[in-house]
Amino acid sequence: MRKLLLSILLFSVSSFALSLNQIRADLKTSSLAQDSIEMSIRTTVNSSAGKQNISIYMVKKGPLKIYAEMKAPFISQRSIVNGSRMKVVDLKTNKIQILPYNGEVLGSKTLSKINPLDSGDWQEPVFVSENLYKIVGSQGTLYYDSKKKRIEKLEHNDATSSALTTFTYDAENNLKTMEVSVIASGKETKVTTEILALRSSKKFPDKLFEF
């Protein structure tokens with residue numbers, strides 16, 4: 001009887017087990033390859049200093065074909081990478097520079113925010129309740145829904161500030177918004193990122209990388 005109860009207990013615990021590698025694999029399956037992606041996002045920053053809007057459009061076809069545009073109050077620029085060269089266009093003055101490409105992956109920070117598990121150190125997930133798992137890492141504490149196979153929120157707290165990132169999805173489970181609320185020194189800053197387009201870059205014209 002005791003062995004039977006122990007077996008039932010072990011089965012119950014194992015049925016809730018989920019590894020970090022499995023979660024990463026599930027997220028990778030449901031997402032687009034980062035080196036073959038076309039995306040358009042709009043970020044709105046609301047702080048005590050006022051409101052600011054930033055628009056980013058980026059296309060990647062492999063590591064050495066990148067087309068990126070950033071429009072913000074402080075910058076309006078297009079960057080095109082093709083092989084070992086990069087063309088930079090100031091969209092306000094139309095000034096053009098042709099520079100050697102140093103291998104920097106344009107837009108990498110934006111992509112890592114979409115899936116925080118792509119970077120940093122993370123511990124194995126811990127079962128919380130129903131389909132929810134908690135994963136503690138260098139960037140904070142992340143909550144993952146194993147049934148819907150998506151990240152729900154990310155929390156980070158230290159001695160001087162706290163931050164909460166919440167993710168919202170459409171009916172087809174595609175990421176639509178990320179909202180970050182940061183409180184530091186008693187003041188709150190909200191950063192809302194809207195995913196306006198996120199798809200494969202296979203239909204993007206190759207001629208736009210030529211210069």
Side-chain angles (χ1 to χ4, degrees), residues 20-45 52-122 135 137-140 142 149-151 154 156 163 165 167 174-180 182 191-211:
L20 181 60
N21 285 339
Q22 185 178 343
I23 291 176
R24 282 175 167 157
D26 288 342
L27 289 173
K28 192 172 183 179
T29 299
S30 60
S31 64
L32 296 166
Q34 291 192 9
D35 64 350
S36 181
I37 195 169
E38 180 180 358
M39 72 175 186
S40 176
I41 67 173
R42 178 171 60 225
T43 299
T44 303
V45 180
Q52 188 178 90
N53 293 311
I54 302 168
S55 296
I56 296 175
Y57 175 72
M58 188 185 72
V59 180
K60 294 178 67 180
K61 277 194 169 183
L64 296 180
K65 281 190 176 182
I66 305 169
Y67 182 103
E69 287 188 1
M70 175 180 286
K71 295 179 181 179
F74 53 88
I75 190 172
S76 185
Q77 179 177 288
R78 178 185 299 130
S79 301
I80 303 172
V81 172
N82 193 338
S84 61
R85 298 189 307 152
M86 178 168 66
K87 178 180 179 180
V88 180
V89 182
D90 186 320
L91 297 175
K92 291 183 178 179
T93 64
N94 287 324
K95 181 180 177 181
I96 297 174
Q97 289 181 288
I98 305 296
L99 306 169
Y101 178 55
N102 61 9
E104 178 186 359
V105 182
L106 304 178
S108 58
K109 291 183 178 180
T110 301
L111 289 170
S112 65
K113 289 177 183 177
I114 292 176
N115 182 3
L117 291 178
D118 276 347
S119 61
D121 297 320
W122 297 92
I135 308 172
S138 56
Q139 298 182 42
L142 181 148
K149 296 185 178 181
R150 69 192 194 189
I151 298 169
L154 175 64
H156 177 78
T165 304
F167 300 79
N174 297 312
L175 181 64
K176 296 307 294 179
T177 65
M178 294 181 293
E179 185 172 287
V180 183
V182 179
V191 181
T192 302
T193 300
E194 302 170 80
I195 312 297
L196 305 178
L198 187 62
R199 53 183 171 259
S200 169
S201 61
K202 63 181 181 181
K203 293 184 178 180
F204 188 81
D206 284 324
K207 64 181 181 180
L208 294 180
F209 294 107
E210 297 173 3
F211 58 88

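Side-chain atoms of Q139 come within 3.5 Å of backbone atoms of S119 as a donor-acceptor pair (strictly under, hydrogens ignored). Under the 3.5 Å distance criterion, the side-chain polar atoms of S79 are left unmatched by any main-chain donor or acceptor of A68. At distances below 3.5 Å, at least one donor-acceptor pair connects side-chain atoms of R24 with backbone N or O atoms of L117. Between the S36 side chain and the S200 main chain, no donor and acceptor come within less than 3.5 Å of each other.
Residues V89 and I96 share a closest heavy-atom pair of CG2-CG1, 4.1 Å. I98 and F211 get closest at one heavy-atom pair: CD1-CD1, 3.8 Å. The minimum heavy-atom distance linking V59 with E38 is given by the pair CG2-CG, 3.7 Å. Nearest heavy-atom pair, L27 versus R150, reported as atom, atom and distance to 0.1 Å: CD2-CA, 4.3 Å. The two residues P73 and N53 have their closest heavy-atom pair at CD-O, 3.4 Å.
One distance of note links NZ of K60 with CG of D35; it measures 6.5 Å at 0.5 Å rounding. Atom CG in N82 sits 8.5 Å away from atom CG in L64 (nearest 0.5 Å). Distance check, rounded to the nearest 0.5 Å: CG of D118 to NZ of K28 gives 8.5 Å. Atom CG of L198 sits about 7.5 Å away from atom CE of M39, to the nearest 0.5 Å. Once rounded to the nearest 0.5 Å, the distance linking CD1 of I41 with CE of M58 reads 8.5 Å. Between the NZ atom of K61 and the CZ atom of F209 there is a distance of 6.0 Å, given to the nearest 0.5 Å.
Residue N102 places its CG atom among more than 12 non-hydrogen atoms of other residues, nucleotides or ligands, all under 6.0 Å distant.
For the side chain to side chain contact (heavy atoms under 4.5 Å, CB included) criterion with T165, the lone passing option out of I151, V191, L154, T193 is L154.
Between Y57 and F204, the ring planes lie tilted relative to each other; the angle falls in the 30° to 60° range.
At a threshold of 4.5 Å between non-hydrogen side-chain atoms, the residues K65 and D206 count as touching.
The salt bridge (Lys or Arg N to Asp or Glu O under 4.0 Å) contacts involving residues 72-98 comprise E69-R78, where partners must be two or more places apart or lie in separate chains.
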